[in-house]
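If you're wondering where the values come from, they're calculated on a predicted model, not measured in any experiment. Just so it is clear, the values below take in all heavy atoms, side chains as well, and ignore hydrogens, waters and symmetry mates.
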2 protein chains.
Amino acid sequence: MEQAITRPGLGAERARYLAQRMERDIGLGDLGPGAWLKQVDLEQRYGATRMEVRQALDRLVEKGLVKHLARRGYRVEDFDPDRLAQIMQIRAALEVEAAAMVIHRLEEATLAAMAAQAERYRVALDEGTVEEHEEANLEFHRLMLSPCPNRELVKLLFDLRTRVPVAVTRRRNSLGVLRRAAEHHFEMVRLIRAGDLPALQRLMREHNLSPSPEA
Amino acid sequence: MEQAITRPGLGAERARYLAQRMERDIGLGDLGPGAWLKQVDLEQRYGATRMEVRQALDRLVEKGLVKHLARRGYRVEDFDPDRLAQIMQIRAALEVEAAAMVIHRLEEATLAAMAAQAERYRVALDEGTVEEHEEANLEFHRLMLSPCPNRELVKLLFDLRTRVPVAVTRRRNSLGVLRRAAEHHFEMVRLIRAGDLPALQRLMREHNLSPSPEA
DNA sequence: GGCTCCTTGATTGGCGCCAATTTTCCTGAC
DNA sequence: GTCAGGAAAATTGGCGCCAATCAAGGAGCC
């Protein structure tokens, strides 16, 4: 089994954390679409109690990652391309909104850190694991949104992110498309430095809506 | 106690439904900010089991309507104006996005129904109860979004709606502001008929961001 | 009178057991 | 060989009980 949960706290908090780990495992393809999530298996795999597993599953159902069939169990939903495209459209709209709020709030130190993550992302495309690659991407966007005063928006954006499994993205996009997404990151930094909001917003939209729903 | 839940189905579904009812009661002010939500009380009030109550509370915590204090209980969050403003900004951005998708998909019959609800809303402002008033508003927007192909976006918009208690809105806004919001509804119908997307989008944004976060 | 400590009562939170239901597998007939 | 029927195992889902903890109230002390 994976590393057991050793976090302190109440069951509810631990269930939240467990749900995050399951999201990640589903996203990375460890738990593929159609897979049955048997409660006993999950207990063992994550070292959690029955109740925590149930709460986590319930949360995943809420997010649409998992489907619940009465007295049959929980099954990983297959990833409907239409639905994923819809989520990407939402993300695009919100990233455009966020862009206007951060473009004049980002400091040079943060921009430099963003550029570093952009580089890490680009390199990881060829050499790194999917996890590292994804983490660089996540960190880039976390940095970019860090000065956004609308924390609800930021929270929602990261929540939406977990609803689009990376495995799917990766499967559907050629390496070339991913490379282009990598270049977008550098372009974002450049446009923020230039203070060109309209161009940045166009780029954010394209970055999300282009064949690559990633990043 | 209120009408007990008589719905069929598993506990999980019933808990979802219970959470909706509690959202509504919180939104309408029946359960004000700071109120302690004792599990036994809720059991009796809604005729639900302990487990259903717990699941529902957990969901409300997730939505930020309720705060959980370890071994103390659940308490209705006070409505931070900043946070509400942030949610309204998200709604505004998404409504603008949705406007582009529905403006050429709305049929005359639906527009007529929208106008009827707009009228009902305006009348209810003076004569109706808060519930009726709110229902007309909800129905207007439901009709407007009905031809939107991005169902995820629609679902999210209605979800965001429940996070802004009507009671707060009503308290913070003068009747004049609400009347202006009512006129917005008629203006929306007019702009959709005219096919004027830019103006519609400006209006949607204003409708959400103006002193009245309502509607 | 006011402060502290302790007992009492109330509430939350979790664990374990068991009923209901589904799936699997075995048996037997055609 | 295949299909139907039925027993057995596995799985979910819910309910009740109880420990842990917290708030309230009262007794005793300063």
Side-chain angles (χ1 to χ4, degrees), chain A residues 1 4-22 25-26 31-77, chain B residues 1-2 4-22 25-26 31-78:
Chain A
M1 78 176 174
I5 299 182
T6 53
R7 272 206 174 181
L10 293 175
E13 295 173 47
R14 291 169 44 102
R16 240 181 292 278
Y17 178 64
L18 173 57
Q20 280 180 16
R21 293 194 56 193
M22 290 179 59
D25 289 347
I26 291 173
L31 301 171
W36 285 99
L37 300 175
K38 279 190 282 196
Q39 296 181 7
V40 269
D41 292 352
L42 298 174
E43 279 180 61
Q44 299 223 326
R45 175 169 194 179
Y46 297 102
T49 70
R50 175 67 59 103
M51 223 185 60
E52 285 160 3
V53 168
R54 284 192 203 171
Q55 286 186 20
L57 283 170
D58 194 55
R59 214 155 270 165
L60 265 43
V61 169
E62 209 67 9
K63 284 202 180 183
L65 277 169
V66 160
K67 182 163 189 183
H68 177 71
L69 294 91
R71 286 179 190 92
R72 302 270 323 281
Y74 296 83
R75 184 170 56 180
V76 180
E77 275 275 41
Chain B
M1 79 174 174
E2 298 200 5
I5 298 181
T6 52
R7 271 208 175 181
L10 293 174
E13 295 173 47
R14 291 168 45 102
R16 240 181 291 278
Y17 178 64
L18 173 58
Q20 280 180 15
R21 294 194 55 192
M22 290 179 60
D25 289 347
I26 291 174
L31 300 171
W36 285 99
L37 300 175
K38 280 190 281 193
Q39 296 180 7
V40 270
D41 292 353
L42 298 174
E43 279 179 61
Q44 299 223 328
R45 175 169 192 176
Y46 297 103
T49 70
R50 174 67 59 103
M51 223 185 62
E52 286 160 2
V53 167
R54 285 191 203 170
Q55 287 186 19
L57 284 171
D58 194 54
R59 213 154 273 167
L60 264 45
V61 169
E62 209 67 9
K63 284 202 180 183
L65 276 169
V66 159
K67 182 163 186 181
H68 176 72
L69 293 93
R71 286 178 191 92
R72 301 273 322 283
Y74 296 82
R75 185 170 54 179
V76 180
E77 273 276 40
D78 26 42

A.B. asks: Kindly indicate, with the supporting measurements, whether the criterion side-chain contact (heavy atoms from CB on, under 4.5 Å) is fulfilled by R75(B) and L69(B).
C.D. replies: CA-CA 8 Å; R75(B) 185 170 54 179; L69(B) 293 93; 4.1 Å; yes
A.B. asks: Given R59(A) and L18(A), is the side-chain contact (heavy atoms from CB on, under 4.5 Å) satisfied, shown in steps?
C.D. replies: CA-CA 10 Å; R59(A) 214 155 270 165; L18(A) 173 57; over 6 Å; no
A.B. asks: Check whether more than 12 heavy atoms from other residues, nucleotides or ligands sit under 6.0 Å from atom NZ of K67(A), and answer yes or no.
C.D. replies: no
A.B. asks: Expressed in angstrom and rounded to an integer, what is the separation of E13(B) atom CD from dG13(D) atom P?
C.D. replies: 10 Å
A.B. asks: In whole Å, what is the span from the CH2 atom of W36(B) to the C1' atom of dA24(D)?
C.D. replies: 15 Å
A.B. asks: Apply the test side-chain contact (heavy atoms from CB on, under 4.5 Å) to residues R50(B) and V40(B): give CA-CA distance (whole Å), side-chain angles for both, the deciding distance (0.1 Å), then the verdict.
C.D. replies: CA-CA 7 Å; R50(B) 174 67 59 103; V40(B) 270; 3.5 Å; yes
A.B. asks: Measure CG/L69(A) against P/dT11(D) and give the value in whole Å, please.
C.D. replies: 16 Å
A.B. asks: Are H68(B) and dG13(C) close enough that a side-chain N or O sits under 4.0 Å from OP1 or OP2?
C.D. replies: yes
A.B. asks: Nearest 0.5 angstrom please: L31(A) CG to Y74(A) OH, how far?
C.D. replies: 15.5 Å
A.B. asks: Does a side-chain N or O from Q39(A) land closer than 4.0 Å to OP1 or OP2 of dG13(D), or not?
C.D. replies: yes
A.B. asks: Specify the separation, in whole Å, of atom CG of L10(A) and atom C1' of dG14(C).
C.D. replies: 10 Å
A.B. asks: For L57(A) and dG14(D), what is the distance between atoms CG and P respectively, to the nearest whole Å?
C.D. replies: 14 Å
A.B. asks: Kindly determine whether M22(A) and L42(A) satisfy side-chain contact (heavy atoms from CB on, under 4.5 Å), including the steps that lead there.
C.D. replies: CA-CA 9 Å; M22(A) 290 179 59; L42(A) 298 174; 3.9 Å; yes
A.B. asks: Consider the side chain of R72(A), meaning its heavy atoms from C-beta on, and name the nucleotide among dG13(D), dT22(C), dT11(C) that approaches it most closely.
C.D. replies: dT22(C)
A.B. asks: Rounding to a whole Å, what distance do you find between Y74(B):OH and dC22(D):P?
C.D. replies: 15 Å
A.B. asks: Enumerate the protein-to-nucleotides 15-21 of chain C contacts in which both atoms are nitrogen or oxygen and the separation is below 3.5 Å.
C.D. replies:
none

A.B. asks: What integer distance in Å separates Q44(B):CD from dT11(C):P?
C.D. replies: 11 Å
A.B. asks: Rounded to the nearest 0.5 Å, what's the gap from CG on L10(A) to CZ on R16(A)? Could you check?
C.D. replies: 9.5 Å
A.B. asks: In this structure, how many angstroms lie between the P atom of dA10(D) and the CG atom of D41(A), rounded?
C.D. replies: 13 Å
